[in-house]
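Note sheet for the following structure.
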Amino acid sequence: MKELTLRPVAVIHTDFKEKFGIPRQSGRAPSAEGRIVFEPEFRVPEALRGIEGFSHLWLIFDFSQAHREGWSPTVRPPRLGGNTRVGVFASRSPFRPNPIGLSCVRLCRIEQTERGHELIVSGCDLLDGTPILDIKPYLPSADSHPEAAGGYADEHTSHRLSVADPEGLLSAIPDRKLPALLEALADDPRPSYQHDPERVYTMLYGGFDVSFTADGGTLTVTAVRAV
Ligand code: SAH
């Protein structure tokens, strides 16, 4: 079959500067903002006409840091412990024949800047600098199915850690960046097959290295360093 070439329409900027620590699905960190900056060719105000009437958008994007030669018919979702394999088409894994991601985000506002109209969205699970291939409005009448079955993915949606910061280290994080960080930490960034309470993890968030350990249902912040 013919190959298809796609050109990104925009790039999204987020506080997630590396893959580790990004929430595993859109909406898991409702406060996690992203700023969508259109490529010069697409800085056309008419292309956004009517978008302000939609509270949520679908983002279709390039899993830019997950490009691989070839593909595997099965993947190991981290939430299944990292040992159980499911079909790639039964998963939301970044490692797929075409590395295309799909996220549902809230449209917070539209800002006019020297780079044209930018969309400020929240509930992001995207790496900073991710190329956006397309944007479509979320249609509650068509896209929402409250009775839908969520397969194996339903089993772990309630998994949350409580975040402890006994030394008050998180006071170094600017107020406006803190809620999303707390949500991302509570979502448990660890690979789910790792349960070593001594192990120190570090995620790069905003301009900070945030280090933590996790034991049982509690994640404890151990260091916060500006980078
Ligand atoms: N909501 C999307 C993404 C789910 S996978 C979908 O269902 O298609 C979520 C993971 O994608 C995150 O944990 C993050 O590690 C990864 N991710 C986000 N942006 C990425 C990028 N640009 N390249 C590679 N992986 C990315």
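The structure presented is a predicted model; accordingly, all values stated were derived computationally and were not measured. We count ligands from 1, going down the list as the structure has it; atoms in each ligand are counted the same way.
- Close contacts of ligand 1 with Thr130, meaning ligand atoms under 4.0 Å from a residue heavy atom, involve 19 (N), 21 (C), 22 (N).
- Counting protein heavy atoms only, atom 11 (O) of ligand 1 is closest to Phe63 CE2, 3.6 Å.
- Nearest to atom 19 (N) of ligand 1 among the protein's heavy atoms is Leu127 N, 3.1 Å.
- Taking any N or O of Phe61, backbone or side chain, none lies under 3.5 Å from an N or O belonging to ligand 1.
- The two atoms that bring Pro197 and Thr213 nearest to each other are O-CB, 3.7 Å, heavy atoms only.
- Atom numbering of ligand 1 starts at 1 in the shown order; those under 4.0 Å from a heavy atom of Gly101 are 8 (O).
- Of all the heavy atoms in Met203 and Gly21, the pair that sits closest is CE-O, 3.7 Å.
- At least one donor-acceptor pair closer than 3.5 Å links the side chain of Arg24 to the backbone N or O of Pro189.
- Of all the atoms in ligand 1, the ones that sit under 4.0 Å from a non-hydrogen atom of Asp62 are 22 (N).
- Closest protein heavy atom to atom 3 (C) of ligand 1: Asp125 OD2, 3.3 Å.
- Nearest to atom 21 (C) of ligand 1 by heavy atom, out of Ser64, Pro99, Gly21, is Ser64.
- At least one side-chain heavy atom of Phe38 sits less than 4.5 Å from a side-chain heavy atom of Leu119.
- Using a 4.5 Å heavy-atom threshold, the side chains of Ser93 and Phe63 count as separate.
- By the 4.5 Å heavy-atom criterion applied to side chains, Trp58 and Asp143 are counted as neighbours.
- Few gaps surround CZ on Arg160; more than 12 heavy atoms of other groups in view lie less than 6.0 Å from it.
- Considering only non-hydrogen protein atoms, atom 15 (O) of ligand 1 sits nearest to Lys19 O, 3.6 Å.
- Using a 4.0 Å cut-off to heavy atoms of Ala66, the atoms of ligand 1 that qualify are 24 (C).
- The nearest heavy-atom contact from the protein to atom 23 (N) of ligand 1 is Gln65 N, 2.9 Å.
- The shortest distance between side-chain heavy atoms of Leu170 and Leu182 falls below 4.5 Å.
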Chi angles and distances behind the salt bridge (Lys or Arg N to Asp or Glu O under 4.0 Å) call for Glu41, Arg7: CA-CA 11 Å; Glu41 181 188 351; Arg7 59 198 199 289; 3.1 Å; yes
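- At a 3.5 angstrom cut-off on N or O pairs, Arg92 counts as close to ligand 1.
- Between Leu102 and ligand 1, at least one N/O pair is under 3.5 Å apart.
- Residue contact check for ligand 1: Pro23 places a non-hydrogen atom closer than 4.0 Å to it.
- Among Gln25, Arg24, Glu18, the residue whose heavy atom sits closest to atom 1 (N) of ligand 1 is Gln25.
- Under the 3.5 Å distance criterion, with hydrogens and angles disregarded, no donor-acceptor pair is assigned to the side chains of Thr202 and Asp209.
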